[in-house]
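Notes follow the structure.
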Number of protein chains: 2
Amino acid sequence: MAAARGRAGSATIEDVARAAGVSRAAVSKVIRDAYGVSPAMRERVTAAIEQLGYRPRVSARGMRGKTFTLGIEIPELSNPFFPLLLAGATAALSGSPYQLVIAPADPAHHEGYRAIQALVDRQVDGVIAVSPLVEPAWLTELSATVPVVMLGRHDRADGYDTVVSDDEAGALLVMRHLLGLGHRDIAHLTGESAEPDPGSGIPQAIRLRAYCTAMREAGLGDRIRIASTPDVTANAHRAAMRLLAGAERPTAIVACHDEPALGVLRAVADAGLTADEVSVAGYDGIDIAAHPGISLTTVRQDGERMGRLAVELLLERIDGRTEPRHEVVRPELVVRSSTRPPHHR
Amino acid sequence: MAAARGRAGSATIEDVARAAGVSRAAVSKVIRDAYGVSPAMRERVTAAIEQLGYRPRVSARGMRGKTFTLGIEIPELSNPFFPLLLAGATAALSGSPYQLVIAPADPAHHEGYRAIQALVDRQVDGVIAVSPLVEPAWLTELSATVPVVMLGRHDRADGYDTVVSDDEAGALLVMRHLLGLGHRDIAHLTGESAEPDPGSGIPQAIRLRAYCTAMREAGLGDRIRIASTPDVTANAHRAAMRLLAGAERPTAIVACHDEPALGVLRAVADAGLTADEVSVAGYDGIDIAAHPGISLTTVRQDGERMGRLAVELLLERIDGRTEPRHEVVRPELVVRSSTRPPHHR
DNA sequence: CTGAAAGCGCTAACAT
DNA sequence: ATGTTAGCGCTTTCAG
């Protein structure tokens with residue numbers, strides 16, 4: 001908290017130079033600690049900087065070179081998984097000269113593009129995109145201008161790096177668990193976006209496909225039951241209610257994320273049922289799932305690791321790497337009391 | 001998603017001017033739609049911009065004037081209350097030319113200063129600070145340079161605006177509720193930072209004081225029981241366990257936030273107790289509190305409104321207002337099944 | 001209504 | 001080792 005003597009933020013490199021009786025270039029060199037400054041000069045300049053409360057303007061710096069700013073675009077911060085990513089990213093950056101800035105993007109309005117563009121307009125040195133909805137082609141184009149790491153999509157492109165969780169493996173983990181418990185009527189609750197394009201790189205789509213595969217391989221192809229709704233998180237409760245009220249009530253419901261799974265749990269309770277009648281599983285491994293009042297079986301994704309990896313890849317790119325890298329992290333099944341053997345009526 | 005013909009991001013205002021056969025100044029005017037451009041020229045310029053996929057560099061623009069960027073500093077995004085603020089802030093900004101960027105700050109390391117400074121270095125047009133730990137004096141100094149709105153602290157200063165929830169009223173709401181139910185042994189769980197300086201503007205400190213006041217006014221001054229720990233969110237469970245194991249077990253525990261309250265609930269369950277033996281109340285009104293598996297009595301703060309207000313005040317300041325404004329929003333008690341009349345042994 | 005030109009604060013050659 | 005200088009891309013007087 002160095003005290004600023006002059007009006008904070010007003011001093012320029014010129015002022016510092018004058019105060020120290022040196023040239024602007026000298027000050028610049030001291031700031032960036034570039035080659036060719038005598039200890040004596042460094043001392044004088046440092047003192048002047050301190051005394052004037054001088055801070056280099058990043059915008060001005062950005063005009064010639066880098067801004068030492070990394071941008072990350074994030075949809076719906078309300079999803080507790082994303083803070084994990086950020087924690088990892090921030091941790092990976094601590095000690096480095098880079099600052100992370102987050103641009104929130106409302107996924108409902110195709111805001112991903114807008115937010116990423118806003119970041120690029122602000123001359124960030126690299127972009128991490130978390131939006132599952134921006135098109136790979138667009139990102140490829142973008143990556144010609146600025147290094148890009150896409151988080152959580154399975155499509156690969158040469159222009160940018162990716163960090164994903166192995167969603168297929170994760171989804172199979174839950175399915176094997178439920179099938180192992182003896183469930184046969186397993187329904188899957190997912191977002192609308194997963195449906196139309198099963199080949200897309202969206203995690204939900206991958207998980208949906210894995211669900212279908214697992215069902216078919218267990219000889220339960222005819223019992224596949226998919227409930228899909230726009231904005232699953234908001235509508236999970238209603239969708240689950242419909243599922244539970246129907247003639248052939250499933251004995252287990254697998255949700256594409258933990259948050260919708262919470263809605264499903266609520267629906268189960270509201271329908272006067274318990275985990276003995278209907279098992280529920282989620283996906284993500286958010287903290288609250290471990291709470292005894294919830295106790296949700298889920299697949300934990302190591303969000304912190306993913307965030308850290310994303311930053312590392314980005315820094316490598318900024319450092320000059322050109323061959324694309326694609327990191328896959330392994331999810332892990334966490335069994336809790338929301339999933340039990342099916343009750344035989 | 002206007003297709004960029006040239007290499008994205010490479011076109012400058014100069015290129016556009018050349019392509020449209022006009023001067024740079026003309027293009028600039030069109031961009032900012034300033035006074036004095038003929039429809040014909042506007043058309044030509046717009047076409048050129050479109051065709052070249054031109055995007056103005058915000059840094060360059062920032063060198064002369066504004067960056068149309070608002071910065072918000074937020075500690076621990078994992079706290080589900082903060083996304084609400086962001087939602088409100090983002091909503092208030094939609095349609096405006098401003099872009100919101102978030103700088104995450106680890107509260108553990110005095111990062112508030114660093115994050116806010118990073119924002120200012122990047123020439124944001126205004127700053128919203130959520131850190132309860134940055135010193136008012138520092139903010140006052142800062143506000144000489146850039147408009148500042150402080151969110152969630154009760155100290156007032158002339159340099160900057162504030163938006164706070166009425167924490168005293170909120171805390172009294174819970175206390176009155178519990179006392180009304182018949183509780184007499186009510187303990188309060190809070191963070192260490194609330195303790196030392198009861199007169200500070202930190203919300204937890206205000207709530208702590210209100211708790212004490214309410215107890216005393218009910219003639220229960222000698223039963224005041226404060227459990228305070230560093231990093232309450234992480235240590236709530238342990239602290240609650242100690243409280244529950246002690247000789248004089250409280251019949252109710254009030255936590256300074258919902259997240260610690262979740263830990264308390266877990267402790268109650270782990271100790272083999274129920275809401276009939278120990279009532280628990282939180283503060284914030286996070287979504288999960290409404291879940292039947294949790295059902296936590298709490299005080300809801302309208303985070304969305306607070307975020308919106310903060311942005312509005314900031315925009316007013318940017319627009320030239322100089323008299324300080326201090327907005328107070330009223331919290332609201334939400335009673336759920338975690339609080340019940342005390343069990344008489 | 002349009003254009004020429006002077007910077008904004010900084011970095012990076014290029015001298016010295 | 002230090003200083004000079006030419007821009008980076010944009011906005012903004014100020015003339016035409």
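The chains referred to below are lettered A, B, ... by the order of the sequence lines, with proteins before strands, and numbering in each begins at 1. Basis for what follows: all heavy atoms, side chains included, without hydrogens, waters or symmetry-related copies. Given the structure is predicted, the values throughout are model-derived calculations rather than measurements.
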Discussion item. Both Y35(B) and S28(A) contact DNA chain C. Which one's nearest nucleotide lies toward the 5' end?
Written reply: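 Mapping each residue to its closest nucleotide by heavy atoms, the 5'-most match is Y35(B).
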
Notebook entry, point to check: Starting at the 5' end of DNA chain C, which residue's closest nucleotide do you reach first, M63(B) or M41(B)?
Noted result: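 The residue closer to the strand's 5' end, by nearest nucleotide, is M41(B).
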
Does R114(B) form a salt bridge (Lys or Arg N to Asp or Glu O under 4.0 Å) with D106(B)? I'd like the steps, not just the answer. CA-CA 10 Å; R114(B) 232 227 42 241; D106(B) 184 347; over 6 Å; no

Could you state the atom-to-atom distance from [atom1] of [X] to [atom2] of [N] in whole Å?
X       : N       : atom1 : atom2 : answer
Q123(A) : dC10(C) : CD    : P     : 16 Å
I13(B)  : dG9(D)  : CD1   : C1'   : 8 Å
R32(B)  : dT12(D) : CZ    : C1'   : 7 Å
R122(B) : dC10(C) : CZ    : C1'   : 15 Å
K66(B)  : dC8(C)  : NZ    : C1'   : 17 Å
E14(A)  : dG3(D)  : CD    : C1'   : 13 Å
K29(B)  : dG3(C)  : NZ    : C1'   : 8 Å

Roughly how far, to the nearest 0.5 Å, is CE of M306(B) from CG of L151(B)?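 Result: 5.0 Å between the selected atoms.
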
Choosing from [options], which nucleotide comes nearest the side chain of [X]?
X      : options                  : value
I31(B) : dT11(D), dC10(D), dT2(D) : dT11(D)
S38(A) : dA1(D), dA5(C), dC1(C)   : dA1(D)
R64(B) : dG9(C), dA6(C), dT4(D)   : dA6(C)
R57(B) : dT2(D), dG9(D), dT11(C)  : dG9(D)
A26(B) : dG3(C), dT5(D), dC10(D)  : dG3(C)
A25(A) : dG9(D), dC10(C), dG3(D)  : dG3(D)

query: Does R55(A) pair with D121(B) as a salt bridge, N-O distance under 4.0 Å?
result: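 Result for this pair is yes, salt bridge flagged.
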
First encountered from the 5' end of DNA chain D, between A40(A) and R24(A) =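 Result of the comparison: A40(A).
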
> Would you say R122(A)'s side chain and R122(B)'s backbone share a donor-acceptor pair under 3.5 angstrom?
Replying inline: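 No; zero donor-acceptor contacts below 3.5 Å.
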
Subject >> R32(B) and S28(B): side chain donor to acceptor below 3.5 Å >> reply: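 Distance-only check passes for R32(B) and S28(B).
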
- Message: Mind checking if T12(B) touches a base, just sugar-phosphate, or nothing, with heavy atoms under 4.0 Å?
- Response: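 Since only primed, P, OP1 and OP2 atoms lie under 4.0 Å of T12(B), the category is sugar-phosphate.
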
Sugar-phosphate only, base, or nothing, as touched by G65(A) at under 4.0 Å among non-hydrogen atoms: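 No contact.
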
